[in-house]
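So the structure is just underneath, and the comments pick up after that.
What you see is a predicted model, and the numbers here were worked out from it, not measured in a lab.
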Amino acid sequence: MGHGGNVIEELTVDHREVDGLFARIEILPVGDARRREAADELTMELIRHCVAEEMHLYPAVRKHVEDGDTIADKEIADHAAVEELLKELEGRDADDSRFDDLVARLRLAVSEHVRDEEGRLFPLLAAACTPEALDALGDKVRSAKKTAPTRPHPFAPDTPPANRILAPGTGLVDRARDLLSGRGGH
């Protein structure tokens with residue numbers, strides 16, 4: 001979270017970090033409690049990433065990319081599906097019979113979304129925006145990730161202006177809950 005560079009570089013590094021978190025879950029023995037901890041970290045990273053994209057990336061896609069509304073709507077729908085899976089995974093222990101299935105379904109959904117963003121959306125955005133605009137978007141995304149929620153809220157607004165107003169407050173509450181519970185504190 002918060003790597004530097006333009007928006008495409010920032011989000012691509014996030015994608016690789018998420019891949020690493022999935023790999024960490026998968027190498028641990030089935031039922032190991034550390035899998036739950038890794039799933040919590042994965043959830044936190046995915047939620048922050050999704051919120052930042054919804055606040056800044058997708059509005060830029062709508063504004064600058066041809067057929068940007070259709071592209072942004074599809075990406076937001078992908079996020080909604082991921083967030084539903086995260087919500088279902090949230091309360092499950094690593095030895096729960098559904099845990100591994102949910103992680104596998106989540107990995108598939110995230111992988112498809114990443115492939116679409118990196119293969120289609122990012123090149124279109126790069127062609128439509130100046131390097132300076134991409135750098136400014138990178139700064140906005142990094143800033144949004146600092147205050148974004150860390151837990152799934154599938155019914156929260158995912159488009160401006162409501163998401164920009166509510167996400168920081170929700171993020172503050174989530175981070176307080178994380179601190180009190182020890183969630184994500186390695």
Side-chain angles (χ1 to χ4, degrees), residues 1-3 10-55 57-58 72-118 141-142 144-159 162-164 166-186:
M1 184 176 87
H3 316 289
E10 177 73 21
L11 296 174
T12 299
V13 170
D14 282 357
H15 293 164
R16 298 298 83 78
E17 286 181 352
V18 166
D19 287 342
L21 289 167
F22 275 117
R24 198 166 104 208
I25 292 169
E26 291 166 356
I27 63 169
L28 290 167
V30 171
D32 189 312
R34 292 174 297 173
R35 295 182 84 191
R36 173 73 262 161
E37 293 168 10
D40 286 343
E41 191 175 339
L42 173 69
T43 298
M44 295 167 83
E45 291 303 317
L46 282 171
I47 295 297
R48 285 191 284 245
H49 177 89
C50 289
V51 166
E53 285 186 338
E54 290 166 5
M55 289 175 73
L57 176 66
Y58 301 143
D73 288 345
K74 188 247 183 242
E75 301 301 330
I76 289 170
D78 288 352
H79 282 190
V82 164
E83 199 160 354
E84 287 288 337
L85 289 168
L86 289 170
K87 188 66 179 172
E88 196 172 342
L89 180 64
E90 185 178 36
R92 299 188 186 276
D93 290 330
D95 60 359
D96 184 297
S97 62
R98 300 258 304 130
F99 185 89
D100 292 329
D101 175 59
L102 287 166
V103 169
R105 289 173 49 205
L106 183 61
R107 183 163 196 160
L108 179 62
V110 169
S111 295
E112 289 173 359
H113 178 73
V114 165
R115 192 170 33 257
D116 188 51
E117 275 191 349
E118 292 181 5
V141 163
R142 276 184 291 284
K145 287 192 291 185
K146 291 177 186 172
T147 60
T150 60
R151 295 170 183 263
H153 299 279
F155 302 108
D158 51 20
T159 56
N163 67 343
R164 290 186 182 175
L166 297 175
T170 304
L172 182 65
V173 171
D174 284 355
R175 283 187 302 285
R177 287 178 63 199
D178 294 341
L179 183 64
L180 291 171
S181 70
R183 180 177 178 259
H186 307 287

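- Between Ala38 and Ile25, the closest heavy-atom pair is CB-CG1, 3.5 Å.
- Among all heavy-atom pairs drawn from Ala39 and Phe99, the shortest one is CB-CZ, 3.9 Å.
- Leu106 contributes atom CG, which lies 7.0 Å from atom CG of Leu89 (distance to the nearest 0.5 angstrom).
- Scanning for salt bridge (charged side-chain N to carboxylate O under 4.0 Å, His left out) contacts around Asp95 gives an empty result, with sequence neighbours left out.
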- prompt: side chain to side chain contact (heavy atoms under 4.5 Å, CB included) between Glu45 and Leu21: does it pass, once the steps are laid out?
  reply: CA-CA 9 Å; Glu45 291 303 317; Leu21 289 167; 3.9 Å; yes
task: Assess whether salt bridge (Lys or Arg N to Asp or Glu O under 4.0 Å) is satisfied between Asp96 and Arg98, documenting all intermediate values.
output: CA-CA 5 Å; Asp96 184 297; Arg98 300 258 304 130; 6.0 Å; no
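- Under the side chain to side chain donor-acceptor pair (under 3.5 Å) test applied with His79, the options Lys74, Glu84, Glu53 reduce to a single match, Glu53.
- Closest approach of Asp93 and Arg36 over heavy atoms only: CA-CD, 4.3 Å.
- In this structure, the side chains of Val114 and Arg16 come closer than 4.5 Å at one or more pairs of heavy atoms.
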task: Check the pair Glu75, Asp78 against side chain to side chain contact (heavy atoms under 4.5 Å, CB included), reporting the backbone distance first and the verdict last.
output: CA-CA 5 Å; Glu75 301 301 330; Asp78 288 352; 3.7 Å; yes
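- Within the 4.5 Å cutoff, side-chain heavy atoms of Asp14 are placed close to those of Leu11.
- Here the options are His113, Glu117, Glu112, the test is side-chain contact (heavy atoms from CB on, under 4.5 Å), and the partner is Arg115; only Glu112 passes.
- Residues Arg35 and Val30 have side chains in contact (heavy-atom distance under 4.5 Å, counting atoms from C-beta outward).
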Criterion side chain to side chain contact (heavy atoms under 4.5 Å, CB included) on Arg34 and Arg24, from CA distance to verdict: CA-CA 9 Å; Arg34 292 174 297 173; Arg24 198 166 104 208; over 6 Å; no
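- Under the 4.5 Å side-chain criterion, counting only non-hydrogen atoms from C-beta, Leu86 is not in contact with Glu90.
- Closest heavy-atom contact between Phe22 and Val103: CE2-O, 3.9 Å.
- Going from atom CG of Leu57 over to atom CD of Glu10 covers 11.5 Å, rounded to the nearest 0.5 Å.
- The distance from the OG1 atom of Thr43 to the CD atom of Glu83 is 10.0 Å, given to the nearest 0.5 Å.
- Here the side chain of Arg48 pairs no donor or acceptor atom with the backbone of Lys146 at under 3.5 angstrom.
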